[in-house]
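Working notes, beginning with the structure itself.
Numbered from 1 within each chain, the chains take letters A, B, ... in sequence-line order.
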Number of protein chains: 2
Amino acid sequence: MKPTTLKDIAKTLGISVTTVSKALKDYADVSPKTKAQVKELAEKLNYVPNSFAVGLRKKQSKTIGVIIPTMVHYFFSSILDAILKEAESKNYMVIILQSNEDYELEKKQVDLLLNKGVDGILISLSNNTKDFKHLQKIIDYNVPLILFDKIAKLIQCSKVYIDDRQAAYNAVSYLIKKGHKRISHFRGNLNPQNSIDRFLGYKKALEDHGIPFDPKLVYICDNNSDFSDGYLNAKKLIEDHGENVDAIFTVNDLLAIGAINYFNEQGIKIPDEIALFGFSNWFMASVITPTLSSIDQNAYKMGETSAVLLFDEIDCKLKNIPITHKKVVIDTELVIRNSC
Amino acid sequence: MKPTTLKDIAKTLGISVTTVSKALKDYADVSPKTKAQVKELAEKLNYVPNSFAVGLRKKQSKTIGVIIPTMVHYFFSSILDAILKEAESKNYMVIILQSNEDYELEKKQVDLLLNKGVDGILISLSNNTKDFKHLQKIIDYNVPLILFDKIAKLIQCSKVYIDDRQAAYNAVSYLIKKGHKRISHFRGNLNPQNSIDRFLGYKKALEDHGIPFDPKLVYICDNNSDFSDGYLNAKKLIEDHGENVDAIFTVNDLLAIGAINYFNEQGIKIPDEIALFGFSNWFMASVITPTLSSIDQNAYKMGETSAVLLFDEIDCKLKNIPITHKKVVIDTELVIRNSC
DNA sequence: TTGTATGCGTTATCAG
DNA sequence: CTGATAACGCATACAA
């Protein structure tokens with residue numbers, strides 16, 4: 001079965017392709033009668049415009065591209081969920097690519113998207129992206145670009161992100177107000193900015209509340225490892241400090257859950273003997289025992305906001321309105337549960 | 001900045017567009033010298049073929065479409081991960097759509113993909129899809145189609161799925177071999193086939209091992225509810241049967257985790273007083289205390305297999321080799337942990 | 001070995 | 001009100 005074309009309709013109706021095209025678009029200069037005829041037949045033949053042809057003519061694809069480091073992740077899949085829903089409502093399609101934390105791949109994928117003629121691009125950068133020529137290329141091609149979560153400060157485009165430092169600050173301040181004084185931090189690798197900012201927020205909260213920062217309470221964990229790293233560091237923490245530690249703020253929920261497992265196993269009472277605060281508010285945080293307090297990053301809102309911004313810019317471009325880049329900081333939220 | 005076209009290259013080199021086109025494709029009838037010149041300039045100008053034009057000419061897009069019920073789900077995001085990786089390796093792009101368990105939306109999305117000229121389509125059907133005209137349409141348009149996980153038996157196309165019945169049978173048989181005799185089942189809604197098959201597997205395992213099936217031990221849970229439904233039904237189970245029940249096989253991990261929370265809270269020992277077996281092997285199963293035995297559905301392999309089948313069919317179509325539809329049953333695996 | 005002509009399906013311009 | 005024509009960028013059959 002072949003798709004119907006304008007030509008098919010024109011032929012059976014004995015009129016020109018031009019008229020058919022105009023009729024379907026409700027141009028003012030087509031007689032109501034012709035319009036009716038054309039529309040009826042088009043409906044009957046199930047006509048849909050060929051998107052290659054439209055794209056070739058109008059240089060727009062009604063498609064956007066998204067590049068994320070990885071898909072199998074509650075945070076990113078929630079973001080994608082929001083982007084897909086937003087796109088759906090605007091009748092856009094979405095091409096999704098995983099950079100897999102690989103800079104070269106990310107670069108190649110940008111080329112693919114540009115080549116594909118997408119109307120806009122959303123990117124959350126790979127941890128290994130230090131060079132931004134590929135992003136500049138997008139801008140040079142005049143394709144709207146929004147960076148989210150993992151952003152590059154120097155690139156001239158709209159950005160959507162959370163304030164990791166502030167969020168960490170809030171969590172640690174909460175622990176302090178609850179009376180905790182010896183607060184450990186399980187931090188991530190030195191590398192990604194997120195991890196640095198969360199550490200800085202932790203440190204600042206201590207300082208602002210007159211609690212001396214003790215580097216011995218900071219444990220560096222492997223970001224990509226599974227939760228067993230949390231378990232192991234919890235063990236180490238107790239070995240190193242015994243009762244001279246009363247809380248842990250972890251850079252993500254997974255580490256906290258590993259630690260919870262260790263404490264449960266050892267009969268160390270949470271939160272009485274040690275309190276815990278995670279980061280990200282994975283679904284898991286609400287089902288573990290005890291339930292884990294955590295910082296909700298509002299992934300859905302981040303995705304939604306990014307998509308809305310992108311469609312705005314696409315719109316502006318179509319209407320030749322100059323684009324003003326925006327920076328949106330998404331609110332995070334302390335979700336207090338039973339671990340502190 | 002405008003993308004380079006064949007015309008640009010032809011003009012600066014003073015040759016025809018045809019020659020440029022052929023040179024880039026290494027046609028035999030272009031002189032090595034011309035080829036070299038063309039390629040060099042193309043490289044320099046960063047030439048990439050305009051995909052709209054190519055699509056219009058060749059009627060293929062190097063793009064496939066995927067429709068899934070929902071994205072924010074460990075199972076589906078793992079499948080997508082595999083599909084994206086497979087597509088990446090074949091230099092294909094992937095358009096992802098969420099049907100959101102809505103039949104009308106699914107239908108519309110099929111039209112969009114067809115209209116978009118994708119080279120193939122992968123679908124996991126919505127629970128509410130009872131009518132398959134939209135799938136037939138894909139086949140009528142001669143676009144390769146693979147159904148995975150939630151399939152329609154009557155449609156003539158390749159399918160990739162697990163044997164839910166067998167998997168459930170295996171899990172329950174395991175519980176029986178461990179000495180459990182009063183095994184409850186927390187089943188899903190009556191509606192999706194998965195849920196029915198898992199129930200049937202449960203029942204068959206009992207029968208085959210000479211254990212009478214007791215309908216009072218079967219609890220119907222709301223599929224879309226959160227884990228609290230598992231908690232509530234566990235409570236009910238104990239109220240109804242007291243010690244006269246020694247294991248539960250749940251239709252998914254979430255319900256099992258809800259139940260675990262209840263038992264932990266009540267000091268009911270797992271697995272001594274009651275054993276648990278889940279289904280799906282969510283990440284959570286390995287971090288909960290006690291860790292939960294579950295059935296791994298091999299999501300990654302399912303995605304990979306589906307994608308490989310699709311690319312095979314696309315290939316056959318290009319080469320005019322007749323397509324033979326395949327049915328692939330993905331192996332499931334009992335993952336035994338501490339809950340039984 | 002190179003180039004000309006044609007068409008893919010649509011839309012915009014302009015003439016009738 | 002209608003339609004002929006050109007153009008988008010590329011690929012191919014056919015000439016030269």
Side-chain angles (χ1 to χ4, degrees), chain A residues 1-39 41-42 45-63 114-119 141-142 318 320, chain B residues 1-39 41-42 45-63 114-119 141-142 318 320:
Chain A
M1 208 159 95
K2 291 239 161 302
T4 309
T5 67
L6 291 184
K7 208 199 266 181
D8 298 331
I9 298 179
K11 207 180 291 173
T12 41
L13 252 41
I15 57 178
S16 80
V17 170
T18 307
T19 306
V20 175
S21 173
K22 285 184 187 167
L24 288 172
K25 295 203 164 44
D26 263 331
Y27 270 50
D29 60 356
V30 179
S31 75
K33 211 172 77 184
T34 317
K35 268 186 197 170
Q37 279 182 346
V38 169
K39 284 182 179 173
L41 187 58
L45 297 181
N46 221 322
Y47 170 78
V48 274
N50 177 306
S51 57
F52 296 130
V54 175
L56 187 56
R57 265 306 309 219
K58 308 211 297 191
K59 271 126 181 46
Q60 50 150 319
S61 57
K62 288 292 232 175
T63 302
L114 249 21
N115 163 230
K116 190 79 191 172
V118 294
D119 297 340
Y141 271 72
N142 200 26
L318 284 177
N320 274 313
Chain B
M1 210 161 94
K2 291 240 160 299
T4 310
T5 68
L6 291 183
K7 207 199 265 181
D8 298 332
I9 298 179
K11 206 179 290 173
T12 41
L13 251 40
I15 59 179
S16 81
V17 170
T18 307
T19 307
V20 176
S21 172
K22 286 182 183 169
L24 288 172
K25 296 203 163 42
D26 262 333
Y27 271 51
D29 60 355
V30 179
S31 76
K33 212 172 79 186
T34 318
K35 268 186 197 170
Q37 279 182 347
V38 169
K39 285 182 178 172
L41 187 58
L45 297 181
N46 223 322
Y47 170 78
V48 275
N50 176 306
S51 57
F52 296 130
V54 175
L56 188 56
R57 267 302 313 221
K58 306 211 296 189
K59 271 123 182 43
Q60 50 151 317
S61 56
K62 287 293 231 175
T63 302
L114 249 20
N115 163 233
K116 190 79 191 171
V118 294
D119 297 341
Y141 271 72
N142 201 24
L318 284 177
N320 274 314

*Would you indicate which nucleotide in C:dT1, C:dT11, D:dG9 comes nearest to any side-chain atom of B:Asn50?*
D:dG9
_Validation row: B:Val38, B:Ile15 side chains within 4.5 angstrom (heavy atoms)_ = yes
*With a 4.5 Å heavy-atom cut-off, do A:Val54 and B:Phe52 have their side chains touching?*
no
*Nearest-angstrom distance from the residue atom NZ of A:Lys22 to C1' of C:dG16*: 12 Å
*Has the side chain of A:Lys59 got a donor or acceptor that lies under 3.5 Å from a partner of the other kind on the base of D:dG9?*
no
*Tell me, do A:Thr63 and A:Lys116 make a side-chain contact under 4.5 Å, heavy atoms counted?*
no
*Output yes when at least one side-chain N/O atom of B:Tyr47 is less than 4.0 Å from OP1 or OP2 of D:dC10, else no.*
yes
*Can you tell which of D:dG9, D:dC10, C:dG3 lies closest to the side chain of B:Leu56?*
D:dG9
*Report yes if at least one side-chain N or O of A:Lys33 is closer than 4.0 Å to OP1 or OP2 of D:dC1; otherwise report no.*
no
*Evaluate the side-chain proximity of B:Gln60 to B:Leu318: yes if any heavy-atom separation is below 4.5 Å, no if none is.*
yes
*Please evaluate the base of C:dG7 for a donor-acceptor partner in the side chain of A:Lys7 within a cut-off of under 3.5 Å?*
no
*Find which nucleotide of DNA chain D each of A:Ala28 and B:Lys58 is nearest to by heavy atoms, and output the residue with the more 5' nucleotide.*
A:Ala28
*Calculate the interatomic distance between A:Leu24 atom CG and C:dA12 atom P; express it in whole Å.*
13 Å
*asked:* Mind checking if B:Thr18 touches a base, just sugar-phosphate, or nothing, with heavy atoms under 4.0 Å?
replied: base
*Does A:Thr5 place a side-chain N or O at less than 4.0 Å from the phosphate oxygens OP1/OP2 of C:dG9?*
no
*Does A:Ser31 have a side-chain nitrogen or oxygen under 4.0 Å from the phosphate oxygens OP1 or OP2 of D:dT2?*
yes
*Remember a base hit wins even if backbone is also touched, and classify B:Lys25 as base, sugar-phosphate or nothing at under 4.0 Å, heavy atoms.*
sugar-phosphate
_Along DNA chain C (nearest heavy atom to each residue), the more 5'-positioned of B:Ser16 and A:Val17_ = B:Ser16
*Between the side-chain atoms of A:Arg57 and the base atoms of D:dA7, is any donor-acceptor pair under 3.5 Å?*
yes
*Let me know the distance between CG of B:Leu13 and C1' of C:dG3, rounded to the nearest Å.*
15 Å
*Could you state the CD-P distance from B:Gln37 to C:dT1, rounded to the nearest angstrom?*
14 Å
*asked:* From CG of A:Asp29 over to P of D:dT2, roughly how many Å is that when rounded to an integer?
replied: 9 Å
*Look at A:Tyr27 and D:dT2 and indicate whether a side-chain polar atom (N or O) is within less than 4.0 Å of OP1 or OP2.*
no
_If we ignore hydrogens and angles and just use 3.5 Å, is the side chain of B:Lys35 paired with the main-chain N or O of B:Tyr27 as donor and acceptor?_
yes
*Atom CZ of B:Phe52 to atom P of C:dT11: distance rounded to whole Å?*
13 Å
